[in-house]
Enquirer: 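One structure follows; several queries about it will come next.
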Amino acid sequence: MTLTRSIQHRNPKPEVQSRKPSGATAMRLIVPLQGVVQGRGGLIFGSLIPCALFYFLQLYLKRHRSPNSQSSPSSPSTSSSNLAEMTRTSSRSNLLSRGSIGPVRISSRASSIAKPNDSPYYVGLDKASEDPYDRIGNPDGVIQLGLSENRLCFDLIEKWMLENLRDSIMGREGGDLSISGIATYQPFDGTMELKLAMAGFMSRVMGGAVSFEPLQMVLTAGATPAIETLCFCLADHGNAFLVPTPYYPGFDRDVKWRTGVELIPVHCRSTDNFMLTISALDQAFNQTRKRGTKIRGILLSNPANPVGNLLSREMLYDLLDFAREKNIHIISDEIFAGSMYGKEEFVSMAEVLDSEDSDKSRVHIVYGLSKDLSLPGFRVGMIYSFNENVLAAARKLTRFSSISAPTQRLLVSMLSDTRFIEEYIETNKKRIQNMHDLFVAGLQELGINCADSSAGLYCWADMSKLTPTYSEKGELELWDMLLNVAKINVTPGSACHCIEPGWFRCCFTALAPEDIPVVMGRIREVAEICTQSS
Amino acid sequence: MTQTRFSRTRTPEPEKEQARGGGGAAMRVIVPLQGVVQGRGGLILGSIIPCALFYFLQFYLKRHRNDQDDQNESNSPGQNQATRSPSSGQLTELPGLTRNLSRALLSPRSPSGPVSVSGRVSGIVKAADSPYYAGLRRVKDDPYDELGNPNGVIQLGLAENKLSLDLVKNWLAENAREAILGNGKELSISGIATYQPFDGLMEFKVAVAGFMAQVMEKAVSFNPSQIVLTAGATPAIEILSFCLADAGNAFLVPTPYYPGLDRDVKWRTGVEIIHVPCRSADNFNLSITALDIAFNQAKKRGLKVRGIIISNPSNPVGNLLSRETLYNLLDFAREKNIHIVSNEILAGCTHGNEEFVSMAEIVDLEDVDRKRVHLVYGLSKDLSLPGFRVGVIYSFNEEVLAAAKKLTRFSSISAPTQRLLISMLSDTKFVQTFITINRERLHRMYVQFVEGLKKLGIECIKSSGGFYCWADMSGLISSYSEKGELELWDKLLNIAKVNVTPGSCCHCIEPGWFRFCFATLTEKDIPVVMERIQKVSETCKLNR
């Protein structure tokens with residue numbers, strides 16, 4: 001059979017003719033074979049023949065392609081030698097028709113990224129940034145509740161900067177040492193001074209329960225590249241991470257875009273207050289495995305984004321157990337560790353590990369200053385890992401994502417100013433709590449309940465009563481109304497891959513307390529329309 | 001034949017035996033076939049059989065792996081359920097202290113060895129063994145200092161310019177605070193602390209466009225909306241390589257080229273580089289014929305070429321591409337329908353009389369077909385601020401710009417730095433003085449350094465860009481080969497304590513060439529460097 005097929009190819013027939021019959025023979029070959037393939041001995045036929053067919057297909061395509069492009073090589077020499085510079089420009093357009101076929105193409109991976117993103121998360125962010133609300137300047141603008149940004153303590157930071165900015169960058173004497181310390185090449189994974197300062201800041205933020213080793217740190221230009229770098233280091237193209245849902249909408253970008261790594265959702269439900277269970281993890285693990293995908297780790301956010309709850313100490317131990325049994329990694333994103341407002345105690349994965357002697361090399365922590373120090377504009381992220389190989393590779397990869405030296409200098413002084421940091425952390429927690437209480441109470445008055453939470457810059461609100469239908473479609477309709485009628489941008493649960501429809505993340509720390517009544521008034525408007533129509 | 005092979009794999013024999021036997025059978029099958037393959041009718045046999053063999057090999061490997069995995073799996077869940085549920089039940093009641101103990105006891109149970117990292121990591125970790133990185137590390141451990149460490153290693157391997165840092169320092173001392181926070185009344189803390197556009201502030205793009213035009217002596221004007229800013233030129237190149245080529249595609253790159261390019265283009269994107277050798281006989285100028293040959297060879301190997309990456313002024317040679325070559329390159333790219341990435345990061349560091357022509361200028365004169373041209377720029381060289389990490393993608397392709405803008409999420413510049421640079425670059429008087437003085441100083445250093453080498457009998461390629469020279473030391477190497485070159489490099493590093501970049505790191509096809517970066521030195525250091533090189537050159541000549 002293979003003989004007849006190959007003869008087809010070797011006779012050079014006109015293009016169009018040859019394509020049809022070869023397709024037909026392929027059909028004739030494959031269909032009767034299906035029976036054979038399913039049998040026991042069919043493995044030879046079932047593998048050899050499709051394999052050969054595929055090979056021929058490639059060969060056929062390749063042969064077909066080559067004649068087009070072989071015509072060109074002789075031309076450049078003639079054109080280049082005799083054309084004068086002046087006539088040059090016009091000659092170009094004459095030549096144009098000759099060689100190239102259509103416009104030049106970009107890579108297929110880039111074209112999928114280049115397309116406008118239609119996820120409501122990004123659509124909402126764009127809409128809000130085009131027409132931002134301002135109490136006085138633009139009172140009809142869109143109020144941003146979709147970006148977890150903290151503006152509650154800018155007054156403290158501003159005060160500090162006014163007093164210390166110049167000295168922190170240039171040094172008190174403005175000497176030669178300091179200019180070459182910022183202008184010249186610095187270690188790409190961050191200066192040792194900043195790592196030390198970060199270690200101090202982190203253990204302070206976590207209530208002094210853990211101490212961090214600067215040598216285990218790799219600094220990056222934000223937590224986003226920290227996560228991407230870890231994905232590169234822990235998983236190969238086609239591998240997967242387990243991630244409990246609902247999860248931060250940006251993970252899809254951070255993990256999947258450039259690394260080719262997949263995310264396997266592990267669903268958490270409102271009945272468990274969206275807490276992760278090991279049995280759900282186990283189920284997702286086994287299902288993925290059956291599909292033939294290799295799982296390389298679990299990606300967690302603790303405090304959870306978007307729900308705002310914490311993983312208990314017990315849960316962390318269970319997770320470690322699970323990871324050990326399956327021999328996989330754990331990435332714990334603890335970027336909200338200092339943005340706590342509840343009574344509950346935050347336990348870092350690093351603390352749990354500290355008390356264990358063995359097997360730390362599977363744990364990697366992501367941190368940054370965008371949330372806890374409310375400096376997202378500074379682009380400072382961190383990988384904290386116990387794995388030497390991962391650290392070595394990540395250090396090299398920071399070549400692609402390093403923090404500029406003046407910013408590092410500035411932060412070294414800021415973080416080393418313990419009086420300022422102490423005051424900042426205290427005030428920040430109080431203000432977040434205050435905003436949280438006001439916001440949640442406001443929602444409650446409208447009959448909207450939030451999941452129990454004790455950290456983060458957001459609350460996770462159940463608006464399923466307001467959705468026209470209990471489905472993703474209904475949720476997105478409500479989101480659309482909130483954005484376009486009430487002019488409020490919130491993040492719908494579906495953008496976070498939440499399995500239950502009707503949940504929304506509302507970030508409240510970019511507001512001032514006096515904005516809350518405005519927000520509630522606008523939501524009420526939509527709520528009334530929804531309850532009337534249903 | 002395939003039948004016998006197949007049955008072999010299926011009968012479960014002990015591992016070692018099977019592996020060896022399998023290899024033997026494959027040999028027996030392939031060798032007698034070689035005759036057939038070379039004949040005319042061999043296409044069928046020559047393609048089906050290797051193809052099938054390969055398929056079986058994969059199949060065999062896959063099965064083997066599955067077996068192991070399955071064992072693990074079948075062991076663990078059963079055991080776990082038995083051990084875990086009672087333990088976790090008890091542990092909730094136990095205090096945290098005993099918890100640790102139980103862990104340690106449990107740990108030998110299930111995992112098979114330490115957790116593995118991704119396959120790409122090992123490649124990345126190994127890549128750092130090249131002399132380029134080894135030399136840089138050496139200097140870092142034991143840097144020369146005229147007073148503090150006169151026996152340390154002198155850095156000539158890093159393309160960094162310290163000649164005009166005093167100018168930058170003075171400007172910063174006067175303006176840093178206002179530049180970042182704004183002047184006085186209207187404080188803009190939310191302009192630096194909050195999320196900013198990841199591809200750079202518009203004000204900064206405008207300032208960078210102005211600076212680029214100024215550096216290129218107003219021959220071109222740059223449109224700020226075609227600019228995407230990144231944290232250094234390195235990520236700019238990586239992002240372009242990611243956007244223009246898929247994994248397994250290739251770029252043509254004239255050699256010798258900047259040693260970092262292998263990292264920037266290949267590491268994470270899976271894109272390949274095809275060398276286009278340039279020779280000393282042509283003064284290391286690129287020829288279209290060489291490009292064409294490389295292109296066709298790559299094509300024959302089944303590689304898809306997606307573009308050409310050039311550096312202009314070239315690194316490490318320091319020569320400039322003529323207007324004519326640029327036109328020819330565009331022609332070539334058009335004929336093959338591929339992209340051109342022109343790295344012009346050293347555009348402002350030209351010091352000869354030759355005229356620098358930007359690819360943007362050529363494209364500006366043409367109305368059509370700009371979409372294939374992408375420029376890379378940055379402030380690390382021309383403003384000697386590598387610590388600030390500012391790189392630029394300047395592209396005429398909307399799609400590339402759209403994708404690159406999204407990818408800057410992974411590599412953006414911090415806002416205080418952007419604010420600082422907006423003021424610095426908008427101070428056109430300062431910028432003009434800086435460019436002029438920097439060029440003068442570069443030229444002086446270049447002349448002195450080349451002269452010094454000449455006195456030692458070492459000739460350099462005539463260059464007019466960059467802060468390095470490309471020196472021919474093939475007279476000093478013990479054997480005319482890469483080995484000889486690396487021996488000399490080793491002597492220079494360990495005996496003379498001078499770190500230079502050997503040509504082989506730049507994939508130069510001729511042995512014995514070295515790159516000397518002179519802009520981290522002061523004029524006083526030049527005699528010291530020459531003395532050290534002389535010592536080595538004498539021992540080399542004696543040995544011959």
Side-chain angles (χ1 to χ4, degrees), chain A residues 6 44 48 51-52 55 72-73 76 80 89 92 99-100 103-104 106-108 110 113-114 154 158 165-166 169-170 174 179 182-186 221 224-225 228 233-236 324-325 327 355-356 358-359 361-362 375-379 389-390 392-393 396 399-402 404-407, chain B residues 6 44 48 51-52 55 76 80 100 103 107 110-111 115 117-119 121 124-125 165 168-169 173 176-177 189 192-196 231 234-235 238 243-246 288 292 328 331-332 334-335 337 365-366 371-372 385-389 399-400 402-403 406 409-412 414-417:
Chain A
S6 68
I44 318 161
L48 183 65
C51 171
Y55 182 86
S72 31
S80 58
T89 16
R92 294 303 114 181
S100 61
V104 65
I106 67 171
S107 69
S108 51
I113 293 173
F154 276 177
E158 191 171 289
L165 187 85
R166 192 184 163 281
I169 293 185
M170 295 301 296
I179 182 67
I182 59 171
T184 61
Y185 280 108
Q186 303 298 320
T224 299
E228 193 195 38
C233 295
L234 303 181
D236 284 299
R324 193 178 291 141
E325 278 159 24
N327 201 19
S355 49
E356 306 231 346
S358 58
D359 202 36
S361 65
R362 64 177 82 252
L375 291 177
F378 279 46
R379 312 302 312 129
N389 283 329
V390 169
K396 301 230 164 77
R399 192 68 165 85
F400 300 109
S401 184
S402 42
S404 83
T407 303
Chain B
F6 178 62
I44 320 161
I48 296 178
C51 172
Y55 182 86
S76 42
N80 299 339
N100 323 345
R103 296 301 115 184
S107 67
S110 36
V115 65
V117 292
S118 75
V121 160
I124 289 170
V125 174
L165 276 186
V168 178
K169 189 187 89 190
R177 186 170 170 280
I189 184 70
I192 59 171
T194 59
Y195 280 106
Q196 304 296 322
T234 299
E238 192 195 40
C243 289
L244 303 180
D246 283 301
I288 298 290
D292 205 57
N328 290 338
D331 267 3
F332 179 80
R334 194 177 290 141
E335 278 160 24
N337 200 19
L365 297 174
E366 309 229 350
K371 287 196 168 163
R372 62 180 84 254
L385 290 178
F388 280 48
R389 313 302 312 126
E399 266 182 298
V400 169
K406 292 199 180 145
R409 191 66 165 90
F410 299 110
S411 185
S412 42
S414 78
T417 302

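Each chain gets a letter, A, B and so on, in the order the sequences are listed, and its residues count up from 1.
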Enquirer: If you count heavy-atom pairs under 4.5 Å between each of A:Ala405, A:Ala114, A:Ala183, A:Ser108 and chain B, which one has the most?
Expert: A:Ala183
Enquirer: When only pairs under 4.5 Å are counted, which of A:Asp236, A:Asn389, A:Leu375 shares the most heavy-atom pairs with chain B?
Expert: A:Asp236
Enquirer: Flag the one option from B:Ala176, B:Gly119, B:Cys243 with the top tally of heavy-atom pairs under 4.5 Å to chain A.
Expert: B:Cys243
Enquirer: Chain A: which of B:Ala245, B:Ser412, B:Ser118, B:Pro235 shares the most heavy-atom pairs with it under 4.5 Å?
Expert: B:Ser118
Enquirer: Taking A:Ser107 for the side chain and B:Asp246 for the main chain, is one N or O donor matched with an acceptor at less than 3.5 Å?
Expert: no
Enquirer: Which distance, rounded to the nearest 0.5 Å, do you find between the CD of A:Gln186 and the CZ of B:Arg389?
Expert: 10.0 Å
Enquirer: Measure the CD-CD1 distance between B:Glu399 and A:Ile113 for me, rounded to the nearest 0.5 Å.
Expert: 12.0 Å
Enquirer: Roughly how far apart are A:Glu158 CD and A:Leu165 CG, rounded to 0.5 Å?
Expert: 11.5 Å
Enquirer: Rounded at 0.5 Å granularity, tell me how far OG in A:Ser404 sits from CZ in A:Arg379.
Expert: 12.0 Å
Enquirer: If you count heavy-atom pairs under 4.5 Å between each of A:Ala221, A:Ala392, A:Ser401, A:Pro406 and chain B, which one has the most?
Expert: A:Pro406
Enquirer: As an exercise: rank A:Pro376, A:Ala235, A:Ala393 by heavy-atom pairs under 4.5 Å with chain B and give me the winner.
Expert: A:Pro376
Enquirer: Can you tell me how far apart CD1 (A:Ile106) and NZ (B:Lys371) are? Round to the nearest 0.5 Å.
Expert: 10.0 Å
Enquirer: If you count heavy-atom pairs under 4.5 Å between each of B:Val400, B:Leu165, B:Val168, B:Ile192 and chain A, which one has the most?
Expert: B:Ile192
